[in-house]
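Data first, discussion second: the structure below is written as structure tokens.
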Protein chains: 2
Amino acid sequence: MARERKIDMVILGLLSHENLTGYDIKKRIDGAINFFWKGSFGNIYPALRDMEQTGLLTKKEESAGGREKITYRITDEGKKVLKNWLREEQASNELKYETLLKLFFGGADNKKISVHNIEIFEEQIKEDLKVLKSYCKALESAPEDKDHLYFYLTASFGVETYEAYLKWCTKAKRMLQ
Amino acid sequence: MARERKIDMVILGLLSHENLTGYDIKKRIDGAINFFWKGSFGNIYPALRDMEQTGLLTKKEESAGGREKITYRITDEGKKVLKNWLREEQASNELKYETLLKLFFGGADNKKISVHNIEIFEEQIKEDLKVLKSYCKALESAPEDKDHLYFYLTASFGVETYEAYLKWCTKAKRMLQ
DNA sequence: CTATCATATATCAAAATGATATATCAAAAA
DNA sequence: TTTTTGATATATCATTTTGATATATGATAG
């Protein structure tokens with residue numbers, strides 16, 4: 001993780017759509033982005049502070065209702081950084097699947113344990129697939145916004161790979177029994 | 001990552017197969033495990049030190065040829081910890097795909113940039129797929145070892161999902177043009 | 001009226017990442 | 001022959017991420 005802080009790009013991307021607070025950003029990440037990228041308060045707030053200081057963002061503090069609230073806006077410099085990142089040739093794509101790790105070492109225990117672990121995975125994927133499918137359907141029926149195509153394509157990646165996961169689950173369970 | 005150090009389980013799993021040095025462990029992780037889990041010297045060596053101190057591993061220092069070398073062996077206590085982990089109900093499975101992140105925010109730049117980024121991804125996946133298919137083929141033709149089924153299933157997960165990725169790439173490029 | 005939940009910011013320890021430092025040994029190239 | 005390259009081998013460090021927790025207010029439900 002050393003080197004280039006990726007959460008910065010997530011934040012710049014979200015702020016290129018709309019002005020948001022740190023809390024809002026967390027909610028957005030937990031939504032449609034969640035299945036291919038994660039974020040936490042622990043890296044969002046420090047990133048916002050740093051990017052405000054380096055001029056990629058501006059902040060507006062409000063305490064109208066009484067509760068403090070800091071809304072961030074992207075600057076032209078911030079937009080430039082976002083574009084430069086989009087145009088970079090390298091991208092790091094990685095899986096971190098504990099289920100596969102357990103299966104790889106499945107020989108250390110009974111086969112039934114491995115089958116059960118695949119079943120747990122299968123149930124989780126089925127749940128997530130429902131959500132992804134509902135995202136897709138919502139985006140298909142409302143193609144007005146120019147960004148919708150991009151949102152649709154990422155959700156559709158999820159749907160198609162998760163369907164492949166489920167097929168693999170069936171096959172893997174069969175081969176273990 | 002706070003809470004439970006997952007690299008411990010990777011190391012225990014590998015050492016349940018054979019005795020290894022830290023360097024060997026890194027090589028194993030960079031092999032068949034690499035596509036669903038990563039490891040680095042920066043977390044392998046401290047984990048080995050800690051687990052030796054808590055009695056999950058024993059070490060044997062050699063400097064026969066002149067070069068120092070520390071080979072680790074798993075203890076019964078270590079095997080117990082490995083089994084307990086295999087039998088835990090929860091497993092964290094996550095994607096971290098910068099390509100999807102870029103695509104999600106693709107509206108901030110020209111469509112051609114997004115198409116190009118998908119092409120880069122596609123080429124990478126094609127390369128990785130070749131490697132995974134060769135793993136599968138090697139494991140199919142040598143089913144003697146009881147662990148081979150588990151290795152085969154994880155590699156086969158990779159093959160099937162990567163093939164789904166490639167189908168998605170074709171569709172996504174078409175929809176962007 | 002009070003418990004619970006969503007909003008909102010912030011910090012911290014633990015862990016992962018990725019780079020770098022150091023040194024030996026074998027093999028290939030000059 | 002000497003030198004350079006690349007594999008072996010351990011270790012540490014700064015940066016970043018993770019996941020948990022602390023704190024406090026406003027809204028809503030029982």
Side-chain angles (χ1 to χ4, degrees), chain A residues 1-11 19-31 33-34 36-54 57 59-72 90-98 101, chain B residues 1-11 19-31 33-34 36-54 57 59-72 90-98 101:
Chain A
M1 243 115 272
R3 222 83 261 269
E4 199 198 30
R5 197 166 49 171
K6 294 286 165 60
I7 191 67
D8 288 8
M9 302 306 141
V10 185
I11 293 172
N19 300 333
L20 297 165
T21 67
Y23 188 78
D24 291 331
I25 287 167
K26 177 71 162 78
K27 274 197 296 179
R28 294 289 184 286
I29 295 175
D30 286 345
I33 291 175
N34 194 254
F36 61 85
W37 207 272
K38 305 270 183 295
S40 70
F41 293 130
N43 67 350
I44 292 168
Y45 283 111
L48 285 169
R49 206 196 299 121
D50 294 350
M51 289 196 288
E52 196 268 332
Q53 268 163 11
T54 54
L57 309 177
K59 65 173 169 181
K60 198 169 76 178
E61 282 162 276
E62 289 162 285
S63 37
R67 182 167 47 195
E68 59 178 340
K69 192 170 155 172
I70 309 166
T71 305
Y72 289 89
Q90 32 35 306
S92 97
N93 295 305
E94 45 188 89
L95 250 67
K96 208 157 186 178
Y97 273 28
E98 199 174 351
L101 201 54
Chain B
M1 244 113 273
R3 221 82 261 271
E4 200 197 29
R5 197 168 48 174
K6 295 287 166 61
I7 191 67
D8 288 7
M9 301 307 141
V10 185
I11 294 172
N19 300 333
L20 297 165
T21 66
Y23 188 79
D24 290 332
I25 288 167
K26 177 71 162 77
K27 273 197 295 180
R28 293 288 183 290
I29 296 174
D30 287 345
I33 292 175
N34 193 253
F36 61 86
W37 207 274
K38 305 272 185 291
S40 70
F41 293 129
N43 67 350
I44 292 169
Y45 283 112
L48 285 170
R49 206 196 299 122
D50 293 352
M51 288 196 291
E52 196 268 332
Q53 268 162 13
T54 54
L57 308 178
K59 65 175 170 179
K60 195 169 79 181
E61 281 163 276
E62 290 162 285
S63 37
R67 183 168 47 193
E68 58 177 343
K69 193 170 153 170
I70 309 166
T71 304
Y72 289 89
Q90 31 37 306
S92 98
N93 295 304
E94 44 188 270
L95 250 66
K96 209 157 187 179
Y97 272 30
E98 199 175 352
L101 200 55

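Keep in mind it's a predicted model, so treat the numbers as computed, not measured.
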query: What pairs with B:Thr71 under side-chain contact (heavy atoms from CB on, under 4.5 Å), at least two apart in sequence or on another chain?
result: B:Asn19, B:Thr21, B:Glu62, B:Lys69

- prompt: Excluding sequence neighbours, so at least two apart, what forms side-chain contact (heavy atoms from CB on, under 4.5 Å) with B:Glu52?
  reply: B:Lys59, B:Tyr72

- request: Would you mind reading off the bend of the helix from C:dC1-D:dG30 to C:dA30-D:dT1 from its two end axes, five pairs each, to 10 degrees?
  value: 20°

- prompt: Are any of the side-chain nitrogens in B:Glu98 or A:Lys6 under 4.0 Å away from the carboxylate oxygens of its partner?
  reply: yes

Charged N-O contact under 4.0 Å between A:Arg5 and A:Asp8: yes

- request: Would you please name every residue forming a side chain to side chain donor-acceptor pair (under 3.5 Å) with A:Asn34, sequence neighbours left out?
  value: none

Residues forming a side chain to side chain donor-acceptor pair (under 3.5 Å) with A:Lys60, sequence neighbours excluded: none

query: So, do A:Lys96 and B:Asn93 sit near enough that their side-chain heavy atoms are less than 4.5 Å apart?
result: no

message: Is any side-chain heavy atom of A:Ile44 closer than 4.5 Å to one of A:Ile29?
response: yes

query: What nucleic acid atoms does A:Lys26 come within less than 4.0 Å of, heavy atoms only: base, sugar-phosphate, or nothing?
result: nothing

message: On the nucleotide C:dA16, are OP1 or OP2 found under 4.0 Å from the side-chain N or O atoms that A:Lys96 carries?
response: no

task: Identify, residue by residue, the members of residues 40-53 of chain B with a heavy atom below 4.0 Å from DNA chain D, and return them in order of residue number, or none.
output: B:Phe41, B:Gly42, B:Tyr45, B:Arg49

